[in-house]
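Below is one structure, written out as structure tokens; comments come after it.
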Number of protein chains: 2
Amino acid sequence: MADTKAAASAGSNLLFLREEDIRAAQDLLFFAYRDFTNAADVILDELGLGRAHHRALHFIGRNPGIPVTELLAILRITKQSLARVLGALVEQGYVAQTPGQIDRRQRLLALTQAGQALERRLFERQRERLVAAYRDAGAPSVEGFRRVMRGIMDEAARAYMDGAEQSRSDQQRGRAVRPA
Amino acid sequence: MADTKAAASAGSNLLFLREEDIRAAQDLLFFAYRDFTNAADVILDELGLGRAHHRALHFIGRNPGIPVTELLAILRITKQSLARVLGALVEQGYVAQTPGQIDRRQRLLALTQAGQALERRLFERQRERLVAAYRDAGAPSVEGFRRVMRGIMDEAARAYMDGAEQSRSDQQRGRAVRPA
DNA sequence: CCGATACGTCAACCAGACTGCCGTAACTGC
DNA sequence: GCAGTTACGGCAGTCTGGTTGACGTATCGG
């Protein structure tokens, strides 16, 4: 049944959006996210950390030298919520805070060696799942996935992702993006 | 930059999975899920309900007559956690419990008229986002999205989704699936 | 110099998850 | 027909991770 519908729509660009299709999309998001996040839980439990810590580690790792306010905007949580999580990560030596050179009010966040190591362990768990899914689906599906996911998120999130990617490739070419 | 990579890989089935691609997938999942769930929050806040209530409403609506244990397995929460949420929904007249005919230990869950109405309001908010994303991406991308998302989730979740879809089309043809 | 900003912090609260334990009703297999 | 298992509900207590509001300090910028 699934394949009938899939085959019918896969070739054309015409969209017949039945309510069922949208409800199925809700299911997809719920289950994929549930099991994606769950993949790292074993390691987190070992260390007595939670998903909130993982999210912080992830985005600090991806944006070394990120100021607190920017991280807050990404996570969409309050200063207090982040403070607890960040406090634990700093205390346990996973995250380092360095005063900004340009704006000295800022406390720029980055992973320590230990933080990078931990983040990598967590990453590997999720990587397995994602790689498997990507390989099974194939490159064109992956591109479709990317397009739809970008469409679901807020414009601001799309802009952030583009900006961040830009920064990373700039960095690659030796240009400093976020003065550590 | 994004388009260079996209153009390079969109045509072929060859996958060059850089670490950056996988990390970008993590970002995609985080942001898409964050904004997808957020879409219904306004309405939930009005009614003093939370996301937990929404999830329950969604899956009860999609599986009328679902027994408690099955709902627990889908949500991956404990009896106690569900009890509180379900208690509120029953008390406020959104969900009805009816003893199972075949197995009278079961309390089969279904949305009341009010529950259906509420679920629909919540659904509409998320629907807007999903429809927009689907339309912008186009049918082939949607199919790719579906394939990747299915790949990310557990085998059990895939099986559930297939089973549920099967049930729904059976129902359409007049066969009783879950004796209310 | 003064207002806005970046950040930290205290206190209190709340949602939503968890555990362990107990109880009742009903199904099921021998 | 009884014994063991299952489906469900409920109590008590705990934990994570989110919230608000208020306040303080350092720094930036016009």
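Residue numbers begin at 1 in each chain, while the letters A, B, ... track the order of the sequences.
- Heavy atoms of other residues, nucleotides or ligands lying less than 6.0 angstrom from CD of Gln113(A) number 12 at most.
- Distance, Arg76(A) CZ to dT20(D) P: 14 Å, rounded to whole Å.
- Near DNA chain C, defined here as any heavy-atom distance below 4.0 Å, there are no residues from residues 37-52 of chain A.
- Between the side chains of Tyr160(B) and Asp154(B), no donor N or O sits under 3.5 Å from an acceptor N or O.
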Determine all donor-acceptor pairs shorter than 3.5 Å in which one atom belongs to a side chain in residues 23-31 of chain A; sequence neighbours excluded.
unit_1, atom_1, unit_2, atom_2, d
Arg23(A), NE, Glu19(A), OE2, 2.9
Arg23(A), NH1, Glu119(B), OE1, 3.1
Arg23(A), NH1, Glu119(B), OE2, 2.7
Arg23(A), NH2, Glu19(A), OE2, 2.9
Arg23(A), NH2, Glu119(B), OE1, 3.2
Gln26(A), OE1, His58(B), ND1, 3.4
Gln26(A), NE2, Gln126(B), OE1, 2.8
Asp27(A), OD1, His58(B), NE2, 2.6
Asp27(A), OD1, Arg62(B), NE, 3.2
Asp27(A), OD2, Arg62(B), NE, 2.6
Asp27(A), OD2, Arg62(B), NH2, 3.3

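- For the pair Leu71(B) CG and dA17(C) P, the interatomic distance rounds to 11 Å; values are reported in whole Å.
- When each of Arg121(B), Arg127(B), Glu128(B) is tested with Arg125(B) by the rule side chain to side chain contact (heavy atoms under 4.5 Å, CB included), just one qualifies, namely Glu128(B).
- Within the 4.0 Å cut-off from OP1 or OP2 of dG16(C), at least one side-chain nitrogen or oxygen of His53(B) is found.
- Taking atom CG on Leu108(B) and atom P on dG9(D), their separation rounds to 11 Å, with Å as the unit.
- Against DNA chain D, the stretch residues 80-95 of chain A makes heavy-atom approaches under 4.0 Å through Gln80(A), Ser81(A), Arg84(A).
- The two residues Ala133(B) and Gly151(A) have their closest heavy-atom pair at CB-C, 3.5 Å.
- Asp41(A) and Asn38(A) share a donor-acceptor pair across their side chains, judged by distance under 3.5 Å alone.
- Contact of the Val68(B) side chain with the Leu108(B) side chain is not registered, since no non-hydrogen atoms from C-beta on lie closer than 4.5 Å.
- For Leu72(A) and dG17(D), the CG to C1' distance is 14 Å, given to the nearest whole Å.
- Between Thr78(B) and the phosphate of dA17(C), there is no side-chain N or O to OP1/OP2 separation shorter than 4.0 Å.
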Solution key, residues 85-93 of chain B side-chain donor-acceptor pairs under 3.5 Å, sequence neighbours excluded:
none

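- In this structure, Arg107(B) places its CZ atom 13 Å from C1' of dG10(D), rounding to the nearest Å.
- Within a 6.0 Å radius of CD in Glu155(A), other residues, nucleotides and ligands contribute more than 12 heavy atoms.
- Across all strands shown, Glu70(A) has no heavy atoms under 4.0 Å from either base or sugar-phosphate atoms.
- Aromatic ring pairs are classed by plane angle as parallel below 30°, tilted from 30° to 60° and perpendicular above 60°; the pair Phe145(A) and Phe145(B) is parallel.
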Where along nucleotides 25-30 of chain D does protein come under 4.0 Å, by heavy atom, of base (B) or sugar-phosphate alone (S), with - for untouched nucleotides? -BBS--

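- Rounded to an integer number of Å, the gap from NZ of Lys79(A) to C1' of dG17(D) is 18 Å.
- Scanning for side chain to side chain donor-acceptor pair (under 3.5 Å) contacts around Thr78(B) gives Ser81(B), with sequence neighbours left out.
- The nearest whole Å value for the distance from the NE2 atom in His54(A) to the P atom in dG18(D) is 14 Å.
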